[in-house]
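Convention: sequence-line order gives letters A, B, ...; per-chain numbering from 1. Everything quoted here is computed from the prediction, not taken from an experiment.
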2 protein chains.
Amino acid sequence: MSYEPDWNVLTATCPSRTSLVRIANKWTAMIVIVLGKGRTRFRDLRTAVEGISGKVLTETLRDLERDGLVSRHVFAEVPPRVEYELTDLGRTLHGPLSALGQWAEAHITEVLDARDRYDRDH
Amino acid sequence: MSYEPDWNVLTATCPSRTSLVRIANKWTAMIVIVLGKGRTRFRDLRTAVEGISGKVLTETLRDLERDGLVSRHVFAEVPPRVEYELTDLGRTLHGPLSALGQWAEAHITEVLDARDRYDRDH
DNA sequence: CCGAATCCGTGACGATACTG
DNA sequence: CAGTATCGTCACGGATTCGG
């Protein structure tokens with residue numbers, strides 16, 4: 001009996017809900033997708049995830065680090081250099097999250113069509 | 001040449017980004033997970049997704065309907081009855097999103113341990 | 001010059017009251 | 001029961017400043 005079936009993200013007070021809230025998030029998804037390619041420094045991460053602000057990137061990385069999904073490597077250099085990479089646990093999340101990104105890219109034409117239809121009929 | 005490789009969720013202005021923003025969302029994930037079990041009326045959806053407010057449930061369902069992921073069925077009854085179900089397109093998203101929920105439930109103990117370690121060391 | 005902290009506005013979200 | 005409307009709150013997110 002190694003599996004614990006009592007966790008349920010649909011239950012408001014279940015701890016697993018707090019984990020879902022963190023991973024079911026646009027910035028988390030994009031950051032994990034980029035980190036899936038390998039260890040990346042802060043600046044490059046910020047460039048790769050277009051449109052994210054420095055503050056939000058820092059905060060999201062902190063939360064991911066706290067949840068054990070990302071590790072942080074600081075180098076005592078000038079200018080400073082900080083690199084991030086997925087942990088073993090984080091790597092198990094890369095598949096599900098990149099699947100989301102691929103879904104969005106694969107089905108965007110259908111989604112755009114649906115939006116046109118909805119906006120025309122309402 | 002049926003695949004369009006130009007879409008990229010990491011690009012700020014790419015339309016696929018707008019779709020990712022909608023699906024990489026906690027409420028979307030939970031609603032789609034519940035709807036994966038079959039057509040559900042508003043009241044039951046609100047009960048199943050613990051903690052969601054009526055306002056947010058309505059708004060999220062509207063957005064999902066607009067994107068062609070959910071269909072809405074209104075019955076002319078008193079009291080009113082409205083049922084929601086996944087479209088064919090929405091069903092293709094059920095796998096990826098329920099995978100997220102299952103990840104959260106399967107790895108929550110590791111996440112909780114990581115949080116304890118982080119909070120102790122920082 | 002890079003990474004992170006600070007300040008502050010906006011938007012998401014919940015609660016409540018009300019209508020069909 | 002299924003929304004809509006209004007309002008208050010608060011976290012998210014962007015611009016700016018600071019530190020090294």
- Note on the structure: CD1 of Ile52(B) to CG of Leu45(B), rounded to nearest 0.5 Å, is 7.5 Å
- For Leu57(B) and dG3(D), what is the distance between atoms CG and P respectively, to the nearest whole Å? 8 Å
- Message: I'd like to check the ring pair (Phe, Tyr, Trp, His ring centres under 6.0 Å) partners of Trp27(B); sequence neighbours left out, ordered by chain and number.
- Response: none
- Task: May I ask you to decide if Leu89(B)'s main-chain N or O and Glu110(A)'s side chain share a donor-acceptor pair within less than 3.5 Å?
- Result: no
- Give a yes-or-no answer on whether the side chains of Arg17(B) and Thr11(B) include a donor-acceptor pair shorter than 3.5 Å. no
- Mark yes or no for whether Ser16(A), through its side chain, and Ala104(B), through its backbone, hold a donor-acceptor pair below 3.5 Å. no
- Task: Give a yes-or-no answer on whether the side chains of His73(A) and Ser71(A) include a donor-acceptor pair shorter than 3.5 Å.
- Result: yes
- Message: Looking only at side-chain N and O atoms, does Thr109(B) offer a donor or acceptor that is under 3.5 Å from a partner on His107(B)?
- Response: no
- Query: Taking only residues two or more places apart in sequence, or in another chain, which ones meet Val74(A) in a side chain to side chain contact (heavy atoms under 4.5 Å, CB included)?
  - Reply: Arg72(A), Val82(A)
- Message: In this structure, how many angstroms lie between the P atom of dA2(D) and the CD1 atom of Ile52(B), rounded?
- Response: 14 Å
- Note on the structure: Taken in chain and number order and not counting sequence neighbours, the residues that satisfy side-chain hydrogen bond (donor to acceptor under 3.5 Å, both in side chains) with Arg91(B) are Asp88(B)
Between protein and nucleic acid, restricted to nucleotides 8-10 of chain D and to nitrogen or oxygen atoms under 3.5 Å apart, what atom pairs and distances do you find?
none

- Query: Just checking, is any N or O donor in the side chain of Arg115(B) or Thr18(A) under 3.5 Å from an acceptor N or O on the other one?
  - Reply: yes
- Summary of protein contacts for nucleotides 3-13 of chain C, nucleotide by nucleotide, where a base hit scores B, a sugar-phosphate-only hit scores S (4.0 Å, heavy atoms): SS-BB-----B
- Task: Starting at atom CG of Asp63(B), determine the distance to atom P of dG3(D), rounded to an integer number of angstrom.
- Result: 14 Å
- Message: Based on the rotation axes of five pairs at each end, what angle does the helix from dC1(C)-dG20(D) to dG20(C)-dC1(D) bend through, to 10°?
- Response: 30°
